[in-house]
Amino acid sequence: MAILNVDRLSKHFGGLLVVNDLSFELNEGEILSIIGPNGAGKTTVLNLLTGINPPDSGDIHFQGQSIVGLQPHQITKLGMARTFQTLRLFLNMSIIENVMSAAYPHTKKGLFDIIFRTSGWRKEEAQIRALAQESLSFFGERLVGYRFDQPAYSLSYANRRRLEIARAMATKPKLLLLDEPAAGMNPKETLEITELIGQLRDKGYTILFIEHDMNVVSGISDRVIALDYGQKIAEGSYQEVVENERVIEAYLGRKQSVWTKA
């Protein structure tokens with residue numbers, strides 16, 4: 001059953017066509033990766049899905065509901081969460097506060113309860129903290145225990161990426177969008193994040209992710225979509241996509257013509 005339907009989505013920035021008539025489906029429990037050379041429109045697709053940029057045309061249905069025109073926080077409440085290629089953590093806040101911040105939009109207590117710290121507010125605050133601890137515990141010892149109250153800036157780059165995923169998990173999403181989760185990681189860290197994405201699917205998340213590292217893509221993808229200049233040029237299994245002539249051309253360039261002078 002499809003949890004996400006993208007129908008003929010297009011987006012211009014000025015005179016530049018960044019996403020061109022893109023359509024695809026994402027099934028519940030599936031891991032779908034989007035690949036393509038730099039400038040192919042991959043991150044713009046995530047921005048369109050999450051309401052950061054409105055599409056010029058086309059439609060997006062999430063769990064059967066059109067989400068075009070909704071604000072990012074409204075889409076998050078429906079059950080879609082994302083991470084960013086460029087980390088967007090609150091570096092001076094503690095690790096656990098970063099994750100708790102993602103859960104506050106789900107709270108029901110108002111300003112009166114917050115100011116006077118009512119019993120209802122205290123109960124809700126305890127529930128949010130427990131949810132944050134649960135999200136962080138998914139990553140083992142790296143982000144738990146004494147680390148809860150450490151500032152986010154004290155973390156290594158790889159652990160900052162894990163923290164951003166934990167924060168997304170705290171919104172209680174059904175669909176996780178990950179923008180280059182392995183970017184900047186060494187081979188060992190890349191292997192770990194690949195395994196973690198697989199474990200996220202085992203926990204019940206549906207995952208759409210962008211990645212340049214083909215080891216990550218081949219290791220966990222159920223399907224792969226390749227973009228070039230905002231247009232889908234291939235879709236299928238990893239092997240089918242990487243062997244597609246249009247994909248090879250997009251990454252490596254056209255074969256040298258016999259008419260080209262040396």
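Here, residue 1 is the first one in the sequence, and each next residue gets the next number.
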Residues in side chain to side chain contact (heavy atoms under 4.5 Å, CB included) contact with [X], at least two apart in sequence or another chain:
X    : value
A103 : I128, L131
D228 : P37, I233, A250
E235 : R223, I225, K232

Between [X] and [Y], do the side chains contain an N or O donor and an N or O acceptor separated by less than 3.5 Å?
X    : Y    : answer
Y104 : E124 : no
T83  : D179 : no
E195 : Q199 : no

- Query: Is there a donor-acceptor pair closer than 3.5 Å between any side-chain N or O of E97 and the backbone N or O of S94?
  - Reply: yes

- Task: May I have the step-by-step check of side chain to side chain donor-acceptor pair (under 3.5 Å) for N98 and R160, ending in yes or no?
- Result: CA-CA 11 Å; N98 264 274; R160 290 184 188 187; over 6 Å; no

- Evaluate the criterion side-chain contact (heavy atoms from CB on, under 4.5 Å) for residue pair N53 and F13; output intermediate values, then yes/no. CA-CA 10 Å; N53 297 128; F13 289 110; 4.0 Å; yes

- Message: Who clusters with F90? Use side-chain heavy atoms, under 4.5 angstrom, across I, L, V, M, F, W and Y, and order the result by chain and number.
- Response: M93

- Query: In the hydrophobic cluster built from side-chain contacts under 4.5 Å, what are the other members alongside Y157?
  - Reply: L87

- Name the one of L48, D7, I60 that satisfies side-chain contact (heavy atoms from CB on, under 4.5 Å) with V68? I60

- Message: If we check side-chain contact (heavy atoms from CB on, under 4.5 Å) with L196, which of these qualifies: I193, L200, T194?
- Response: I193

- Report yes if the side chains of I220 and F209 come closer than 4.5 Å at any heavy-atom pair, otherwise no. yes

- Query: Hey, mind stepping through R162 and L155 against side-chain contact (heavy atoms from CB on, under 4.5 Å) and telling me if it holds?
  - Reply: CA-CA 10 Å; R162 293 182 178 94; L155 292 175; over 6 Å; no

Determine whether more than 12 heavy atoms belonging to other residues, nucleotides or ligands lie under 6.0 Å from atom [atom1] of [X].
X    : atom1 : result
Y229 : OH    : no
E28  : CD    : no
E134 : CD    : no

- If you draw the axis of the six-membered ring of Y205, does the NZ or CZ of R201 fall within 45° of it and under 6.0 Å from the ring centre? no

Distance-only donor-acceptor pairs under 3.5 Å for side chains of residues 18-25, two or more places apart:
from : atom 1 : to : atom 2 : distance (Å)
D21  : OD1    : R8 : NE     : 2.9
S23  : OG     : R8 : N      : 2.7
E25  : OE2    : N5 : ND2    : 3.0

